[in-house]
There are 2 protein chains.
Amino acid sequence: MATLKEISLKAGVSVSTVSLVLNNRDAGRVKAHIAERVRKVAQDLGYHPNLMARGLRTNHTRILGFLSEEVATTPYAGGMILGAQEAARKNGYVLITVSTDGENSEDAEIAVLERYGVDGFFYAKMSNRFTTVPSRLSNYPVVLLDAVDSHNTVTSITPNELLIGYDATKKLIDAGCTRIAYIGCSEPMLAQGKRLEGYKKALTEAKLPIDENLIINVFNNGPALHAVEKLMCTYNPDGYFCFNDARAWYVYESAARSGLTIGRDISVVGVDNHRVLAETLSPQLTTVELPHYEMGYWAACKLISMIEDCDTSKFALPSTRSPLPSLANNGTVTIHCALIDKESVQ
Amino acid sequence: MATLKEISLKAGVSVSTVSLVLNNRDAGRVKAHIAERVRKVAQDLGYHPNLMARGLRTNHTRILGFLSEEVATTPYAGGMILGAQEAARKNGYVLITVSTDGENSEDAEIAVLERYGVDGFFYAKMSNRFTTVPSRLSNYPVVLLDAVDSHNTVTSITPNELLIGYDATKKLIDAGCTRIAYIGCSEPMLAQGKRLEGYKKALTEAKLPIDENLIINVFNNGPALHAVEKLMCTYNPDGYFCFNDARAWYVYESAARSGLTIGRDISVVGVDNHRVLAETLSPQLTTVELPHYEMGYWAACKLISMIEDCDTSKFALPSTRSPLPSLANNGTVTIHCALIDKESVQ
DNA sequence: CTGTTAGCGCGTTCAG
DNA sequence: CTGAACGCGCTAACAG
């Protein structure tokens, strides 16, 4: 690793001149031909600044801390890290990811990241919920991922859960379904209530009745299958909106046992576009995609803009299936999730 | 963030004395009572060394670089990162994870990690395969994850694929199955050949015939389902060893359509213990767990031992379902994966 | 327009 | 037994 000093020696100028040139702060301060020579030598030596030394001096490291409660391990949410990483990379930043296994270790993890001099933090949760950000983070730029700040003060990005329920149900209505079931989630989650609300909104708008018999909440386990089978036999829904792709499987299995064909006899919409499940199921599952990658990407751009206190227009957002909200937004930002049309809706 | 200087001022000693004491190098060099005072002040001020400054001085940062080709995004392999992270944390290290989207960006990513002064690298692949490690890494300690070095020189950890096939098939044989099918993978993978080999080995040992009609390789898509249905109707296997949990789903679906009950009429064993799939399926899928967390944990301990050139006995390996190999091993290390007994084998 | 000087926070000689 | 002095690689004052 070449150093500034080596370059200065070889180019016959002082270290500070080299620093000036290589940081492009030589406009009208260093003669053009000498600046050129410096650049040449740097190029030849394959110079890259030592980021630790620079960080020590400038007090910013271009390291972002990614705090999560085992989010890295969930099959769903690795995409958030990937998206954040990608956006970070494009802007010359890097991620240190840390998982906290509980509230108690959290403080220690933050302390470690502080010692490395991170410039800001992501604070990610496993699924959309209200959260209070640790007070230790209050001096840093922070963006919440898949969680909403209880005090409604720190910027966050989450899926628009209501629209998920609305779009999915609308899809089934437009396909001609009139008796649409909702296979919900027994665990208390923000997403559960909102998606149900969207489901009801779509039905109401279409002047379809809300039949409480068609609404069930299940855990992700054996009894869930029986509950779905029973619902199918008893009330014969022609459409199913499922809280997630895993719950959609119960519909597939029940249909197979009942001799019903998905995409013809009944229609199904899930949520997640879970890589393994949604791709494996046959016919492929029409599902609303949770845009983890996109949320991560957005959060990183947002965080960097906060760190650099700069105009958000410098960030090029990728064009993705779920269009990203403007970076100018603050507070509780939501993202309209794309419905991925596959084969399970007639 | 308190500094050495602040402590030295408050304690009325010099900076170097503080450094000595706080690094526990004060044996017979600093008077006990003064050392005690220094420690007290440091405690009060909540002192933690600035890791960048230390790294600049010592040329090691306690940062580990985790290179992977989108491994972070696969639903399978996030566990590797988690395991590596956990082991790193326990030993005072931290991870910078970087995904390369192709061979070309790889070199640039490595360069970035070098500039941050990482002490060593993980080089992870998406699934067990032969790999040549980028020459740029040759000056660093490196551990390969879920991949084997083509030149057989850098240390790697991978699942013992042969035993996966053997154990899974043996499980079915012990349950009384005599016509055991193998639902394999059409993509060329190291794992495919080895698992098939283990399957055949178990059959041969049990003096069961190897019937090529019972062996099919499929992609993960619609036609796979038809292939499995056809196999089921035509040859009536009583046991199924599936390359992975996703392929096991085809057996579940086919069985449901044929009116067969899994765990009674036929038995199924998968591979992955994929969080969503294996837990959602009903009856729950008996499957061989790919110990991603464990591999990551092992790799981190190994890498740190290489960096510190220290005895491997200082590392406490967690007791996990798949017992970890000794850290004394070098070269191509494999891990015996645990079979998770659930409900799909009679 | 350029080079000298200083110091970020730390660890390590080397005198005293 | 302790503290002064130096340097890691870099940037930012300020002087020339």
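The figures that follow rest on heavy atoms only: side chains count, while hydrogens, waters and symmetry mates do not.
The closest donor-acceptor contact from the side chain of A:Gln85 to the backbone of B:Thr97 lies under 3.5 Å. Judged purely by atom type and a 3.5 angstrom limit, A:Arg62 uses its side chain to pair as donor or acceptor with the backbone of A:Gly92. Judged purely by atom type and a 3.5 angstrom limit, B:Tyr116 uses its side chain to pair as donor or acceptor with the backbone of A:Thr61.
Using a 4.0 Å heavy-atom criterion, one finds that B:Leu56 contacts the bases of the nucleic acid, with or without backbone contacts as well. Residue A:Thr3 is in sugar-phosphate contact alone, with no base atom involved, counting any heavy-atom pair closer than 4.0 Å across all strands shown.
Using modelled atom types, one finds no donor on one side chain facing an acceptor on the other under 3.5 Å when comparing B:Asn329 with B:Lys302. For A:Glu109 and A:Thr100, the side-chain atoms include no donor-acceptor pair closer than 3.5 Å. Checking A:Asn50 against A:Thr3 by side-chain atom types alone, no donor-acceptor pair falls below 3.5 Å.
Residue A:Tyr47 places at least one side-chain N or O closer than 4.0 Å to OP1 or OP2 of D:dC10. Dashed line: the shortest gap from a side-chain N or O of B:Asn23 to OP1 or OP2 of C:dG11 is under 4.0 Å.
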Bracket string, DNA chain D, 5' to 3' - pairs by Watson-Crick or G-U geometry under 3.5 Å, | interstrand: ||||||||||||.|.|

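Among the nucleotides C:dT2, D:dG9, C:dC10, the one closest to the side chain of A:Thr17 is C:dT2. Comparing C:dG11, D:dT2, C:dT4 by their closest approach to the side chain of A:Ser16 singles out C:dT4. Relative to the side chain of A:Val13, the nucleotides D:dG3, C:dG9, C:dG3 differ in distance, and C:dG3 lies closest. The listed nucleotides are C:dG11, D:dC8, D:dT11; the one nearest the side chain of A:Lys5 is D:dC8. Distance from the side chain of B:Ala53 is smallest to C:dC10 among D:dG9, C:dG7, C:dC10. Side chain of A:Ser14, nearest nucleotide from C:dT4, C:dC10, D:dT11: C:dT4. Side-chain proximity of B:Arg57 to D:dG3, C:dT2, C:dC10: nearest is C:dC10. Distance from the side chain of A:Val15 is smallest to D:dT11 among C:dC10, D:dT11, D:dG9. Comparing atom distances between the A:Val30 side chain and each of C:dT2, D:dT11, C:dG9 picks out C:dT2 as nearest.
In this structure, B:Ile7 places its CD1 atom 17 Å from C1' of D:dG3, rounding to the nearest Å. Rounded to whole Å, the distance from CG on A:Leu51 to P on D:dC8 is 18 Å. At whole-Å resolution of the value, CG in A:Leu22 and P in D:dG9 are 16 Å apart. As rounded to whole Å, 10 Å separates atom P of D:dC10 from atom CZ of B:Arg115. Following rounding to the nearest Å, A:Ile34 (CD1) and C:dC1 (P) show an atom-to-atom distance of 12 Å. Here the P atom of nucleotide D:dC8 and the CE atom of A:Met52 are 14 Å apart, to the nearest Å. In this entry the distance linking CD of A:Glu6 with C1' of D:dG9 reads 11 Å, nearest Å. We find that NE2 of B:His33 is positioned 12 Å from C1' of D:dT2, with the value rounded to whole Å.
Donor-acceptor pairing under 3.5 Å, judged by distance alone, is absent between the side chain of A:Ser19 and the base of D:dA12. No hydrogens or angles were tested; on distance alone, nothing pairs the side chain of B:Arg25 with the base of C:dG11 as donor and acceptor under 3.5 Å.
Between A:Pro49 and B:Lys31, it is B:Lys31 whose nearest contact on DNA chain D lies nearer the 5' terminus.
Residue pairs meeting the side chain to side chain donor-acceptor pair (under 3.5 Å) criterion with at least one partner in residues 137-150 of chain B, sequence neighbours excluded, are B:Glu114-B:Tyr140.
Across all their heavy atoms, B:Val21 and B:Arg39 have their closest contact at O-NH1, 3.3 Å.
The distance from atom CD1 of A:Ile110 to atom CG of A:Leu137, rounded to the nearest 0.5 Å, is 4.5 Å.
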